[in-house]
Amino acid sequence: MFQRRRLVSLGFFFSHPVESCRAGTGAGGFPWRTGLLNVLFYAFVAYLLLAGPFVSVGVTQTLVKHDPAKSIAKDSASDANVPGATARAIARFDVVPFQVFSGAFEIGVVAFHIDGIQKVVFEYETLTGLRTVTETGMSVNPRTRVCEYWTSLNASDFADGLVTVKATAYPNAGLARELSLELYANAHNTLAGRETLYVSLSGDDATGAGARARPFRSIQRALTAVSENVARYDGGEIVLMDPGSYDMGGVRRAANNNMWITIRPDEGLLCNDVVIASVTRDLIRPNIRRLRYYNLSFDFSKMGQIYKEDAHWQWYDHCRWYQSEGWTATYPGQNWSVRNVGFNGLYVTNCLAEDMLYGFTGCNLVRDSHCRKISGDVFQLSRMVVNCTVDGAGGTALEHHSDVFQYWDPTENVIVYGVKAANVAGTQNFFFGGLVGTSYVNCAFVNVAVQNVQDRRGPPFTQYFHVHDHVLFMHISNPGQLSSFRDDVSTPYTARNVKFVNCILERLTRGTYGVMGLPDGVSVESCHILQGQLHGTRATTGEISVVDGPGSRFSYTGAGVEVIAGTGQTIPGFSHPNDGAAEHGAPNRGAFVFDVNVPGADPNAK
């Protein structure tokens, strides 16, 4: 059932005011912002979205409306009466772009559609011509350990230099989506640049040459050297030779490099040994077009924010983010840890965020990462979250509108796939809010398990506001938190092609008091519902809870456990080795375990 088939032929926050889940409530007993505070808050957010950046105590953040989708209108042959006939495939590359590869390199695409994905077609030019690879099923990518549509590139098939890969996700019905990815092949080791600079806490910025024997004193001086000779250092490294804290505050001259320039510790140093900070709690603004941080710690109690320029990319790999003053510490003007205007390029892989107000927010991709003790929002506005874990999301730590997944701007093409969140208290697990005109289009939330350790009668609640068009919830386990379709507000919830399938849900309700049933445009299939009306087709019920386990592991307890095994329905175009189908002949209801590699969970891991 999970065999991979291939056809080969020649031929890409700010912390808003509290929406109190403990005090203020609206119709039906659900929280909502009211009165003058509500008006002033949303007016201020609208100003930020339309007018650009604001500055407060050295912290600058620009908020934008949505993530521009790279898509084209390619239709799959389909009946116009099929529910998803006008819905576009939800698809993203599960790859950090601009990487250099010298051998085999597996690249993957995660894709979903209400009618299922028929195939993903990869196309790229090789030394012998156009190559087309068609993947018709999901399987585990050996590089990422994500069950996805993937293929393998070999650097020897290309001339050294830029490689562009196109991928098109075709649904069984509806609109295809085309993606583009840029990488650099280097099988013959002829790429120019790639030289190394050295920085030591005992070095000298005036007399140093950036060599190991004569290192610079500061990262700033090394970045200046890069900007003065980009061709020499493009794709190279800045090596931090000593344990200790390195000040990166201030603004640098721009460097327009093409390949990632990596800042990393010297051999033998661990992640916790080398800390990036700012002596004056200033902005850190490196101004390097494509900058990768590897195996470093970042103390956000000692910096205002890492300021990524609008058209730049940053990649955090095997890093640790933390606040040395703890997860209850807040600062004037505190915002996202890394500024990412336009969601242009912020990537997080194999990282840890702990003891912080925010986790990995506003990211293009978060994979194989772990959040621990987050008092505010964990994955606010992140466009792709894959195979990640959370331990301790606590809206009770601060008077803060805390969420595991929060979206509040017009959003298109979001994928959350493979997340376990344990020990969640006082936190909305899914929150879709925003301004008038906000919409959520082509979004998939797949295989998410939440262990709620709060009063299941609520609040807080999972809440759905505004327009939802082609939004999928598949194999979600959220027992212990009520979910509400907020049709009781001035910009009510409206839906088209919204589907819940094989989920475990506490209860689904309407915001309008006394209204029963599902909103128009919402379908519920093969779901396990603990309380209230058993919506949709093939519904089951029975007490069930999520039990935390090591890593990405978890289990279920309660009388309902026997009911969910093998009673889910097959989802067109979706399969996973752990969904229970191989054992039972049909998938289980609810989320299932997934493989994750989270060395960031150990701050001393390399």
Side-chain angles (χ1 to χ4, degrees), residues 12-16 41-70 92-93 96-98 182 223 248-257 260-261 278 282-293 298 300 303-316 321 331 333-348 353 356-366 376-385 405-414 433-435 437-440:
F12 169 17
F13 177 105
F14 74 91
S15 174
H16 51 272
F41 167 71
Y42 277 127
F44 184 51
V45 176
Y47 167 75
L48 297 177
L49 290 170
L50 298 175
F54 71 89
V55 179
S56 176
V57 197
V59 178
T60 304
Q61 177 72 54
T62 303
L63 304 176
V64 298
K65 290 187 175 181
H66 63 88
D67 184 11
K70 295 182 177 179
R92 284 181 173 266
F93 265 114
V96 177
F98 316 122
E182 292 184 352
L223 295 177
M248 262 189 83
V251 182
R252 308 273 67 75
R253 173 181 167 185
N256 196 31
N257 55 303
W260 295 107
I261 292 173
S278 172
D282 199 359
L283 289 177
I284 289 179
R285 192 171 182 177
N287 210 3
I288 301 295
R289 185 184 183 207
R290 291 169 183 164
L291 182 61
R292 174 185 178 228
Y293 298 98
F298 294 81
F300 287 94
M303 66 180 80
Q305 183 186 49
I306 298 178
Y307 188 103
K308 185 185 76 63
E309 311 296 327
D310 295 1
H312 288 187
W313 290 261
Q314 289 186 5
W315 176 14
Y316 295 81
W321 296 6
Y331 309 96
Q334 188 170 6
N335 214 306
W336 286 353
S337 301
V338 180
R339 175 186 185 271
N340 187 24
V341 171
F343 304 95
N344 183 60
L346 177 56
Y347 302 90
V348 173
M356 296 184 68
L357 177 60
Y358 296 114
F360 298 118
T361 55
C363 300
N364 294 71
L365 170 64
V366 186
D377 294 338
V378 183
F379 298 114
Q380 185 195 97
L381 295 180
S382 285
R383 267 34 188 180
M384 186 172 185
V385 181
F405 301 103
Q406 183 195 49
Y407 298 90
W408 52 278
D409 66 338
T411 299
E412 202 270 342
N413 199 31
V414 164
L435 302 168
T438 293
S439 60
Y440 302 97

Query raised in the report: Sub-3.5 Å donor-acceptor pair from the side chain of Ser278 to the main-chain atoms of Met303, do we have one?
Result: no
Check: Any donor-acceptor pair under 3.5 Å linking the side chain of Thr438 with the backbone of Leu435?
Finding: yes
Heavy-atom closest pair (Ser382 atom, Gly362 atom, distance to 0.1 Å) is OG-N, 3.4 Å
Report task. Tell me, with the steps shown, if Ile261 and Arg289 meet side-chain contact (heavy atoms from CB on, under 4.5 Å). Result -> CA-CA 9 Å; Ile261 292 173; Arg289 185 184 183 207; over 6 Å; no
query = Is there a side-chain contact between Pro97 and Tyr347, using heavy atoms and a 4.5 Å cut-off?
reply = yes
Check: Phe360 ring centre within less than 6.0 Å of Trp321 ring centre: yes
Between Thr361 and Leu346 the two heavy atoms that sit nearest each other are O-CD2, 4.0 Å
### Task
Start with the C-alpha distance between Leu365 and Arg92, add both sets of side-chain angles, then the distance that settles side-chain contact (heavy atoms from CB on, under 4.5 Å), and finish with yes or no.
CA-CA 9 Å; Leu365 170 64; Arg92 284 181 173 266; over 6 Å; no
Smallest heavy-atom separation, Phe379 atom then Tyr407 atom, equals O-OH, 4.4 Å
Both conditions, 6.0 Å and 45 degrees, for the charged tip of Arg290 above the ring of Trp313: are they met here? yes
Is any side-chain heavy atom of Tyr307 closer than 4.5 Å to one of Asn287? no
Rounding to 0.5 Å, atoms CG (Asn256) and CD1 (Ile288) come to a distance of 10.0 Å
*Any salt bridge between Arg383 and Asp409, counting N to O under 4.0 Å?*
yes
**Request:** Taking the side chain as every heavy atom from C-beta outward, state whether Tyr331 and Leu357 have any atom pair closer than 4.5 Å.
**Result:** no
**Study point:** Short side-chain donor-acceptor distance under 3.5 Å, Asn340 and Asn364
**Key:** yes
CD1 of Ile284 to CD of Gln305, rounded to nearest 0.5 Å, is 10.5 Å
Original post:
Under 3.5 Å, is there a donor-acceptor pair between the side chain of Arg292 and the main chain of Gln314?
Top reply: no
Next on the checklist: Please determine whether a side-chain nitrogen of the Lys or Arg among Glu309 and Arg285 lies less than 4.0 Å from a carboxylate oxygen of the Asp or Glu.
Outcome noted: yes
Rounding to 0.5 Å, atoms CG (Leu381) and OG1 (Thr411) come to a distance of 6.5 Å
dist Trp408:CH2 -> Asp377:CG (nearest 0.5 Å) comes out at 10.0 Å
Could you please spell out the steps behind the ring pair (Phe, Tyr, Trp, His ring centres under 6.0 Å) verdict for Tyr316 and Phe298?
CA-CA 10 Å; Tyr316 295 81; Phe298 294 81; 5.4 Å; yes
Residues at least two apart in sequence or cross-chain that pass side chain to side chain donor-acceptor pair (under 3.5 Å) with Tyr293, listed by chain then number, are none
For Met248 and Pro286, the nearest pair of non-hydrogen atoms, with its separation, is CE-CB, 4.0 Å
- Task: Could you walk me through whether Arg339 and Asp310 pass side-chain contact (heavy atoms from CB on, under 4.5 Å), step by step?
- Result: CA-CA 9 Å; Arg339 175 186 185 271; Asp310 295 1; 2.7 Å; yes
